[in-house]
**Student:** 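Below you'll find the structure I mean.
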Amino acid sequence: LGAAVAQRTKNIRIGSGIALLPLQDPIRLAEEYAMLDCLSGGRLEFGIGRGFQKMEYDAFERNMGDSRTLFEESHDIILNAWTKERFSYVGKFRTVHNLSVLPKPIQKLPPIYVACIFTPDSFQWTGKMGYNLMVVPYAASAEFIVDRINFYRDARQTHGHTAAPEILGVYHFYCGETAEKAKEEPREALMRYVGAVVAANQEAAYSDQYAVYKSLPEAFAGMEYEGYLYPNRVIVGDPDQCVERIQQIRSMGITNISLLPNFGGLDHTKVMASLDRF
């Protein structure tokens, strides 16, 4: 998908949201994303994460209790592959001997974004490394998100990272002709999207690393449209309401708003009309 975008555009950045490092081979990821950076003329933004769905770990035969180690080892191997002519690496799960990986990215190091939702260790690691942050605000309250963002910023400062980070928030988005149409037209599609998430999370995560996720199936099942999702965890409204929501989101400390305009089988003509109004 990224390669297809790269060949049809000239200027926009192309980001992954996200590559699940514990479930994939890091050498293959390093090769594929470096090739995307080359094909796009250096426009890659590398989004990474651990994932949280038990069924994904089961499908790829990985133990969720190993997710943090798998993630960090994969991250280290990819960075070595991109920045060193040859390298060796010995980890708990991965061993690399005198390997040269081609191609190298055009960018010295593509910008790295790390997806974090609940786990404090993830926010702390992202801040310690000086990486940009990705959050999914529909899954938590605004107060929780702000608290985690501040925790991440503190970790950055503690480890000497002084440059201002990008903090990306992913929001379901619909800009309607009127306030009432904006509220009602995406309702069915958004609830269908939530239904798919519920279906994919019938079993809770089974590792202490994911203790905060144990109540996730019940939480997803309780995501009602009005009161929970709309209006405070999505960007849905007429143009003026969308502007107001973006101002509210910026006040939370989010610097980069990622719009999710096509979700749950929303009619394509409605998606395009929403983007045109926006």
Side-chain angles (χ1 to χ4, degrees), residues 1 15-29 32-33 46-78 91-94 112-126 129 131 133-141 144-145 147-149 151-152 168-172 189-225 228-229 233-234 258 260 262-265:
L1 178 60
S16 55
I18 55 178
L20 292 173
L21 299 193
L23 306 184
Q24 303 190 58
D25 181 83
I27 301 300
R28 186 179 299 278
L29 283 177
E32 291 182 347
Y33 279 97
F46 191 45
I48 58 176
R50 287 192 301 154
F52 66 90
Q53 297 190 123
K54 179 181 180 294
M55 72 166 191
E56 291 180 327
Y57 274 80
D58 290 348
F60 287 94
E61 299 181 313
R62 295 288 189 271
N63 188 325
M64 294 192 84
D66 298 326
S67 68
R68 171 59 62 188
T69 303
L70 284 165
F71 172 84
E72 293 186 9
E73 287 190 5
S74 183
H75 160 271
D76 293 348
I77 290 170
I78 291 169
K92 181 179 179 182
F93 297 99
R94 319 269 192 191
I112 294 176
Y113 289 75
V114 183
C116 305
I117 303 179
F118 297 113
T119 311
D121 287 352
S122 296
F123 287 89
Q124 185 173 31
W125 184 87
T126 305
M129 299 301 295
Y131 292 151
L133 178 67
M134 302 172 68
V135 294
V136 186
Y138 86 90
S141 68
F144 182 91
I145 295 294
D147 180 71
R148 286 293 192 261
I149 288 174
F151 182 69
Y152 155 77
L168 185 151
V170 182
Y171 287 85
H172 294 81
L190 188 52
M191 294 314 296
R192 190 156 49 237
Y193 178 98
V194 171
V197 175
V198 172
N201 288 278
Q202 294 298 310
E203 297 179 85
Y206 52 81
S207 162
D208 289 343
Q209 293 184 30
Y210 291 87
V212 71
Y213 287 80
K214 287 182 179 178
S215 61
L216 206 57
E218 294 80 9
F220 278 133
M223 285 186 179
E224 299 294 336
Y225 183 70
Y228 187 90
L229 292 169
R233 301 190 191 210
V234 292
S258 178
L260 184 58
N262 185 349
F263 51 83

**Student:** By side chain to side chain donor-acceptor pair (under 3.5 Å), which residues pair with R233, not counting sequence neighbours?
**Tutor:**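 Per chain and number, R233 pairs via side chain to side chain donor-acceptor pair (under 3.5 Å) with Y228.
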**Student:** List for me each residue that meets salt bridge (charged side-chain N to carboxylate O under 4.0 Å, His left out) alongside R192, sequence neighbours excluded, and say none if there are none.
**Tutor:**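 By the salt bridge (charged side-chain N to carboxylate O under 4.0 Å, His left out) rule, R192 matches E188.
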**Student:** Going by the rule ring pair (Phe, Tyr, Trp, His ring centres under 6.0 Å), which residues pair with F123 if we only count those two or more places apart in sequence or in a different chain?
**Tutor:**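 Not a single residue meets the ring pair (Phe, Tyr, Trp, His ring centres under 6.0 Å) criterion with F123.
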**Student:** Can you tell me how far CZ of F52 sits from CD of E56, rounded to the nearest 0.5 angstrom?
**Tutor:**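 Those atoms lie 7.5 Å apart.
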**Student:** Does D25 have any salt bridge (charged side-chain N to carboxylate O under 4.0 Å, His left out) partners at least two apart in sequence or in another chain, and if so, which?
**Tutor:**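 Salt bridge (charged side-chain N to carboxylate O under 4.0 Å, His left out) list for D25, sorted by chain: empty.
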**Student:** What closest approach, in Å, do A139 and I117 show between heavy atoms, and which atom pair accounts for it?
**Tutor:**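 In this case the closest contact between A139 and I117 is CB-CG2, 4.2 Å.
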**Student:** Not counting sequence neighbours, which residues clear side chain to side chain contact (heavy atoms under 4.5 Å, CB included) with E73? List them please.
**Tutor:**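 In terms of side chain to side chain contact (heavy atoms under 4.5 Å, CB included), with neighbours along the sequence ignored, E73 is linked to T69, Y89, K92, F93, R94.
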**Student:** Nearest 0.5 angstrom please: R62 CZ to R50 CZ, how far?
**Tutor:**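 Result: 15.0 Å between the selected atoms.
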**Student:** With sequence neighbours excluded, what pairs up with T126 under the side chain to side chain donor-acceptor pair (under 3.5 Å) test?
**Tutor:**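 Checked T126 against side chain to side chain donor-acceptor pair (under 3.5 Å); zero matches.
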**Student:** Looking only at heavy atoms, what is the nearest atom pair of L168 and S258, with distance?
**Tutor:**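 The pair with the smallest heavy-atom distance is CD2-CB, 3.6 Å.
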**Student:** Can a donor-acceptor pair be found, under 3.5 Å and without considering hydrogens, that links the side chain of S16 to the backbone of G47?
**Tutor:**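 Checked: pair present.
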**Student:** Any side-chain heavy-atom pair from L20 and Y57 closer than 4.5 angstrom?
**Tutor:**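 No, side chains not in contact.
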**Student:** By salt bridge (charged side-chain N to carboxylate O under 4.0 Å, His left out), which residues pair with E72, not counting sequence neighbours?
**Tutor:**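 E72 satisfies salt bridge (charged side-chain N to carboxylate O under 4.0 Å, His left out) with R68 only.
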**Student:** With heavy-atom distances below 4.5 Å as the criterion, would you say the side chains of L229 and V194 are in contact?
**Tutor:**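 Yes, close enough: below the 4.5 Å cut-off.
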**Student:** List in chain and number order the residues that pass ring pair (Phe, Tyr, Trp, His ring centres under 6.0 Å) with F144, two or more places apart in sequence or in another chain; answer none if no residue qualifies.
**Tutor:**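 Listed in chain order: F118.
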**Student:** Identify the two heavy atoms, one from A19 and one from F46, that lie closest to each other, and give their separation to 0.1 Å.
**Tutor:**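 Looks like CB-CE1, 4.3 Å.
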**Student:** So, for P22 and S67, which heavy atoms are closest and what is the spacing to 0.1 Å?
**Tutor:**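 Closest approach of P22 to S67, heavy atoms only: CG-O, 3.8 Å.
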**Student:** Name all residues meeting the side chain to side chain contact (heavy atoms under 4.5 Å, CB included) criterion together with E224; count only those two or more places apart in sequence or in a different chain, and write none if there are none.
**Tutor:**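 In terms of side chain to side chain contact (heavy atoms under 4.5 Å, CB included), with neighbours along the sequence ignored, E224 is linked to no residue.
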**Student:** Could you list the residues that satisfy ring pair (Phe, Tyr, Trp, His ring centres under 6.0 Å) with Y131, not counting sequence neighbours?
**Tutor:**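 Per chain and number, Y131 pairs via ring pair (Phe, Tyr, Trp, His ring centres under 6.0 Å) with H75, W125.
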**Student:** Which residues satisfy the side chain to side chain donor-acceptor pair (under 3.5 Å) test with Y138, sequence neighbours excluded?
**Tutor:**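 Partners of Y138 by the side chain to side chain donor-acceptor pair (under 3.5 Å) criterion come out as none, since no residue qualifies.
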**Student:** Output, in order, the C-alpha distance, side-chain angles, deciding distance and verdict of side-chain contact (heavy atoms from CB on, under 4.5 Å) for L190 and V234.
**Tutor:** CA-CA 10 Å; L190 188 52; V234 292; 4.0 Å; yes
**Student:** Rounded at 0.5 Å granularity, tell me how far CG in L21 sits from CG in L70.
**Tutor:**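 Answer rounded to 0.5 Å: 10.0 Å.
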**Student:** What residues form a side chain to side chain contact (heavy atoms under 4.5 Å, CB included) with A200, not counting sequence neighbours?
**Tutor:**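 Counting only residues at least two positions away or on another chain, A200 forms a side chain to side chain contact (heavy atoms under 4.5 Å, CB included) with Q53, M55.
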**Student:** Can you tell me how far apart OH (Y193) and CG (L260) are? Round to the nearest 0.5 Å.
**Tutor:**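 Result: 5.5 Å between the selected atoms.
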**Student:** Tell me whether K54 is salt-bridged to D58, with the criterion being a basic N under 4.0 Å from an acidic carboxylate O.
**Tutor:**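 Counted as a salt bridge, because a side-chain N and a carboxylate O are separated by less than 4.0 Å.
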**Student:** Give, for atom CZ of F151 and atom OG of S122, the distance between the pair rounded to the nearest 0.5 Å.
**Tutor:**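 Reported value, rounded in 0.5 Å steps: 10.0 Å.
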**Student:** If you round to the nearest 0.5 Å, how far is CD of Q24 from CD1 of I48?
**Tutor:**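 If we round to the nearest 0.5 Å, I48:CD1 and Q24:CD are 12.0 Å apart.
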**Student:** Please step through side-chain contact (heavy atoms from CB on, under 4.5 Å) for the pair L133 and V114, ending with a clear verdict.
**Tutor:** CA-CA 5 Å; L133 178 67; V114 183; 5.7 Å; no
